[in-house]
Amino acid sequence: MKAKLLIIGSISEQQVATFRTVSEAIHCGSLLQASTEDESLSYYVEFKDKGINRRTMVDNFTRRLPFLNKQTQSDLKKYYSN
């Protein structure tokens, strides 16, 4: 199933990339969202599910990478809360 990665701002929307799977798009979007300083921009994944177009916001970066060690997760949480 193909999926589009979109970046959406308050007045615009742009396709960033196309992926073979929804999972790949969500992983990439999470990484890009973590590195985007402008809080008005959000990444979404658009895909077809049973013939219906769906759009979902990407997950938090630390949620997408559960294999990070506890110190790295703690450092990222501190970084995001500042």
So how far is it from [X] [atom1] to [Y] [atom2], rounded to the nearest 0.5 Å?
X	Y	atom1	atom2	value
Cys28	Tyr43	SG	OH	8.0 Å
Asn53	Lys48	CG	NZ	5.0 Å
Asp49	Arg54	CG	CZ	5.0 Å

Answer whether the closest heavy-atom distance between the side chains of [X] and [Y] falls below 4.5 Å.
X	Y	result
Leu32	Leu5	yes
Thr56	Tyr44	no
Leu41	Ile8	no

What one should report as the nearest heavy-atom pair of Gln33 and Ser42 is OE1-CA, 3.2 Å
Closest approach of Leu6 and Val16, non-hydrogen atoms and distance?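 Closest approach of Leu6 to Val16: C-CG2, 4.2 Å.
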Is the shortest distance from a Lys or Arg side-chain nitrogen in Arg55 or Glu13 to a carboxylate oxygen in the other one below 4.0 Å?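 Answer for the salt bridge query: yes.
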Looking only at side chains, do Thr36 and Asp38 share a donor and an acceptor under 3.5 Å apart?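 Checked: Thr36/Asp38 side chains show no N/O donor-acceptor pair below 3.5 Å.
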